[in-house]
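What you see below is based on every heavy atom in this structure, not just the backbone, and it leaves out hydrogens, waters and symmetry mates. As the structure is a computational prediction, the values presented were derived from the model and not from experiment. Note on naming: letters A, B, ... go to the chains in the order of the sequence lines (proteins, then strands), and numbering restarts at 1 for each one.
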Amino acid sequence: MIKAELARKIYKSDTDWGQVQRQITLPWREAFRISYRNVIMRLGRAMITGAGIVLGIAFLTSVWTAKVAQEGIDRYEAQSARAIGEDEGAMAPGAEEAKAEEEARAARQTWLVVMSLMVSAVGITNSMLMSVTERFREIGTMKCLGALDEFIVRIFLIESIVLGFIGSLVGALAGHGIMLLVYIAKQSGVAAMMNWGEMLLYIVIALGIGMFLSLIAAVPPAMRAAQMPPAAALATEV
Amino acid sequence: MARIECPECGHVEETTGLVTICPNCKADLRTVMAEMGHRRERLREVAHDDSMTTHEYIVRTKDLHKIYKMGEVEVPALKGVDVNIRRGEYLSIMGPSGSGKSTLFNMVGGLDKPSRGTCFIEEVDMAQLDAFELAWLRCRKIGYIFQTFNLIPVMTALENVTLPMIFAGMSSDEMMERGALLLDLVGLGERLHHKPYELSGGQQQRVAVARSLANNPAIILADEPTGNLDLQTGKEIIDLLKELNEESGVTIISATHDLKMIDVSDRVIHIRDGQVERIENRADIDLEVGTLGQ
Ligand SMILES: Nc1ncnc2c1ncn2[C@@H]1O[C@H](COP(=O)(O)OP(=O)(O)OP(=O)(O)O)[C@@H](O)[C@H]1O
Ligand SMILES: [Mg+2]
């Protein structure tokens, strides 16, 4: 039996609906709370989704770490060479070859970066797409509860940035760390030879790329889902 | 008691519905009786139209059609449905699988657009509403309950119940208090912070019922609310809905296969092949049940 006083509290008898209104809100604070909850609560699932991001960004960062480390080593060797044989005059015959080799390596580097960007893009897009499609029903439900299309988009926007950031950070640290270890094994003093300002810049760029890619991978499908009539979103089986 | 005139011999019989054969000439009286029932129904409806303002109908559908297009094939799911639903009534929509119950539910709830015809909620034509107004309607005026509960999996019971209140712009404190109150109302006062997967099906559906009441709606729409529940749990949900209906006057519209629903319904609309087959009133149902009991 419903307790009488409880019931009285809940049903406002004076409800007068009058005109249909249009005031519907989702404060950013609430949106952020919901999104954050979603990422944290689904951490297991998010890790799998995030794996695409982590791997992609790890690859990218490792390539860049290798580049910075190699450059550091080269600089160091060039310096020592100059220190040793300063008066050996112009390094006449080897110069041409060295230059060609330098160029080839630069091309290889660019190719690797492009490749790793593509790997990131595919991995991230794929996983974000999956994570949106498996939540169509949830999107439909939210719309039944009164969510505007833009609320859905807002929630996914925040979520993809948060997930993109966490995934990229883990990926960047992993990719950087592993590659650094490889170089340390090769030349133990490499850390001192590297240009850390440049390295940091690359890591920041990698984070930006990861967040951006997960954003553009998640928001368009979320938008599409949000624009569907709720009935269709609810009926979607994944 | 009704007076029935035999179409064969003109004999007039007073009957409660038990006598179906003319005692004079043994002609079958059932068709005549069915027609009379139908007329009585019509009369009652007309009477209602006259005696009450049209606003007494909280939902009206007019010539509602829905055609699903699947590539080249067109599947007509609703073929001209006109129903008037009274404020405060408990209405069940029954019909075989595929008859169009869920489709009707979606149209009335503003979850999909009809191919033709329209649906009025409190005399507001839903086809005329923009996205904001439609969202407002879904948020404030209608509460939805689904067969599959459709709770947000990562949110606790309380968060699920308060989500529509966020959209309605309620303050955080008020939200928490009302959410807890609602969950208490449905008997889950101890489970505020449980996630859906930590709750049984029946408990999840209770959360959904509480959520449907979040913004004190005028209508609760339920699509097979007991479809995924066992007999006993289903019964509990039905009783809960009935109680809400009686205590708060909220209009309940429920699509169902569940015969237990008939017991609590004020009216039952039978749908077949996308059309209203017949409408049963409480009084008639009582009569039937009474007759069967004799
Ligand atoms: N999204 C859709 N696309 C195509 N056809 C659909 C769609 N939804 C429903 N239908 C068709 O419309 C008809 C009515 O379906 P509806 O879901 O309304 O039936 P129902 O009465 O709710 O059945 P059930 O009792 O099984 O839930 C069916 O023939 C169904 O195949
Ligand atoms: Mg159905």
Item to complete: Sort B:S102 into side chain, backbone, both or neither according to what part of it lies under 4.5 angstrom from a heavy atom of chain A.
Response: neither

Fill in: Heavy-atom contact with chain A under 4.5 Å, split by part of B:L163
side chain

Worksheet item: Can you say whether B:K195 sits under 4.5 Å from chain A via the side chain, the backbone, both, or neither, judging by heavy atoms?
Response: side chain

Worksheet, complete the sentence: When the 4.5 angstrom heavy-atom criterion is applied to A:M228 and chain B, the contacting part is neither

Worksheet item: Is A:T141 reaching over with its side chain to a backbone N or O of B:L151, donor-acceptor style, under 3.5 angstrom?
Response: no

Worksheet item: CE of B:M155 to CD1 of A:I34: how many Å apart, nearest 0.5 Å?
Response: 4.5 Å

Worksheet, complete the sentence: residues 211-225 of chain A vs chain B, non-hydrogen distance cutoff under 4.5 Å, contacting residues -> none

Item to complete: Measure the CH2-CG distance between B:W136 and A:L148 for me, rounded to the nearest 0.5 Å.
Response: 13.5 Å

Worksheet item: Under 6.0 Å from the OH atom of A:Y36, do we count more than 12 heavy atoms belonging to anything else shown?
Response: no

Practice prompt. Select one option (side chain, backbone, both, neither) describing which atoms of B:F105 are under 4.5 Å from chain A's heavy atoms.
Written response: neither

Worksheet entry | Distance (rounded to the nearest 0.5 Å) between A:K143 NZ and B:Y144 OH | 11.0 Å

Worksheet item: Quick one: CZ on A:R37 to OG1 on B:T156, what's the gap to the nearest 0.5 Å?
Response: 6.5 Å

Discussion item. Given heavy-atom pairs under 4.5 angstrom as the criterion, report whether the side chain, backbone, both or neither of A:E138 touches chain B.
Written reply: both

Discussion item. For the CD atom of B:E159 and the CZ atom of A:R33, what is their distance to the nearest 0.5 Å?
Written reply: 6.0 Å

Fill in: Part of B:N150 within contact of chain A (heavy atom distance under 4.5 Å)
both

Worksheet entry | Under 4.5 Å from any heavy atom of chain B - which part of A:R29 | neither

